[in-house]
> 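Quick one: this structure, given as structure tokens, is what I'll be asking you about.
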Amino acid sequence: MSRQELAERINHWIYNHDQTITEIDGNYLGKLERGIIRWPQHRYRQALRAILRANTDQDLGFHRPTRRHKVDNRETVTLRDSNEEEEPMRRRTVLRLAGAVIGGG
């Protein structure tokens with residue numbers, strides 16, 4: 001399944017469940033794969049979980065944004081246990097494998 005085909009399925013799923021018109025496209029999905037967008041809005045995550053048959057957002061490679069806080073007037077970022085550099089690759093791999101499974105089924 002191409003990015004655009006997946007985008008169309010997502011838009012269709014959201015419309016069927018929320019009666020909301022969305023305009024997700026292949027470009028948006030590319031940003032998800034590359035990790036430019038790390039935490040899509042709730043209904044997008046719901047649609048992706050349903051279409052790609054994932055149980056959790058983490059199964060798709062999504063994680064809540066890190067929290068930022070200030071210490072001595074300097075902004076710091078609270079890091080996760082997982083390696084941040086691996087997240088875009090994991091997300092890309094999950095989306096591609098899921099697309100292959102659905103496309104073959």
Side-chain angles (χ1 to χ4, degrees):
M1 170 180 350
S2 71
R3 284 182 186 165
Q4 190 56 42
E5 289 169 331
L6 179 56
E8 289 169 6
R9 286 190 184 191
I10 293 167
N11 292 328
H12 184 74
W13 189 94
I14 291 171
Y15 183 78
N16 285 337
H17 288 83
D18 294 346
Q19 285 69 51
T20 302
I21 296 173
T22 55
E23 296 183 8
I24 291 179
D25 59 13
N27 183 44
Y28 182 84
L29 292 176
K31 289 178 182 179
L32 292 177
E33 288 177 352
R34 291 187 305 275
I36 294 169
I37 299 172
R38 295 182 180 188
W39 190 247
Q41 62 177 275
H42 178 70
R43 75 170 68 118
Y44 294 175
R45 294 190 322 272
Q46 278 182 310
L48 282 163
R49 284 193 314 268
I51 293 165
L52 300 177
R53 299 181 185 123
N55 293 321
T56 67
D57 295 327
Q58 290 75 23
D59 290 343
L60 295 172
F62 299 131
H63 299 279
R64 287 190 185 272
T66 56
R67 294 182 183 218
R68 295 180 182 272
H69 58 279
K70 292 200 176 208
V71 176
D72 297 330
N73 294 322
R74 290 176 294 165
E75 188 172 319
T76 61
V77 177
T78 304
L79 299 176
R80 302 184 216 304
D81 294 334
S82 65
N83 184 343
E84 290 291 330
E85 294 177 8
E86 293 179 5
E87 291 307 318
M89 178 55 83
R90 180 168 182 251
R91 195 173 7 265
R92 185 177 309 125
T93 302
V94 168
L95 290 172
R96 283 188 182 152
L97 290 174
V101 169
I102 291 173

> Could you tell me the separation between the NE2 atom of H63 and the CD atom of Q58, rounded to the nearest 0.5 Å?
6.0 Å
> Say you draw a straight line from CG of L60 to CZ of R49; how long is it, rounded to the nearest 0.5 Å?
7.5 Å
> CG/L48 to CZ/F62 distance, rounded to the nearest 0.5 angstrom?
5.5 Å
> Distance check, rounded to the nearest 0.5 Å: I51 atom CD1 versus H12 atom NE2?
9.0 Å
> Determine whether Y15 and I21 satisfy the following criterion, side-chain contact (heavy atoms from CB on, under 4.5 Å), listing intermediate values before the conclusion.
CA-CA 6 Å; Y15 183 78; I21 296 173; 4.0 Å; yes
> Pair R3, E33 - check side-chain contact (heavy atoms from CB on, under 4.5 Å), show working.
CA-CA 10 Å; R3 284 182 186 165; E33 288 177 352; 2.7 Å; yes
> Determine whether L6 and L52 make a side-chain contact, defined as any pair of heavy atoms from C-beta on separated by less than 4.5 Å.
yes
> Determine the minimum heavy-atom distance between M1 and E5, stating which atoms define it.
CA-OE1, 3.1 Å
> Restricting to non-hydrogen atoms, name the atom on A7 and the atom on G26 that form the minimum distance, rounded to 0.1 Å.
CB-N, 4.1 Å
> Calculate, to the nearest 0.5 Å, the distance between atoms CD1 and OG1 belonging to I14 and T22 respectively.
4.0 Å
> Which distance, rounded to the nearest 0.5 Å, do you find between the CH2 of W39 and the CG of D57?
4.0 Å
> Does Q41 have any side chain to side chain contact (heavy atoms under 4.5 Å, CB included) partners at least two apart in sequence or in another chain, and if so, which?
R43, Y44
> Output all residues satisfying side chain to side chain contact (heavy atoms under 4.5 Å, CB included) with E8, sequence neighbours left out; order by chain, then residue number.
Q4
> Check for a donor-acceptor pair, side chain of D59 on one end and backbone N or O of T56 on the other, with a separation under 3.5 Å.
yes
> D25 and Y28: which non-hydrogen atoms are nearest, and at how many Å?
OD1-N, 2.9 Å
> Mind checking what makes side-chain hydrogen bond (donor to acceptor under 3.5 Å, both in side chains) contact with N27, not counting sequence neighbours?
none
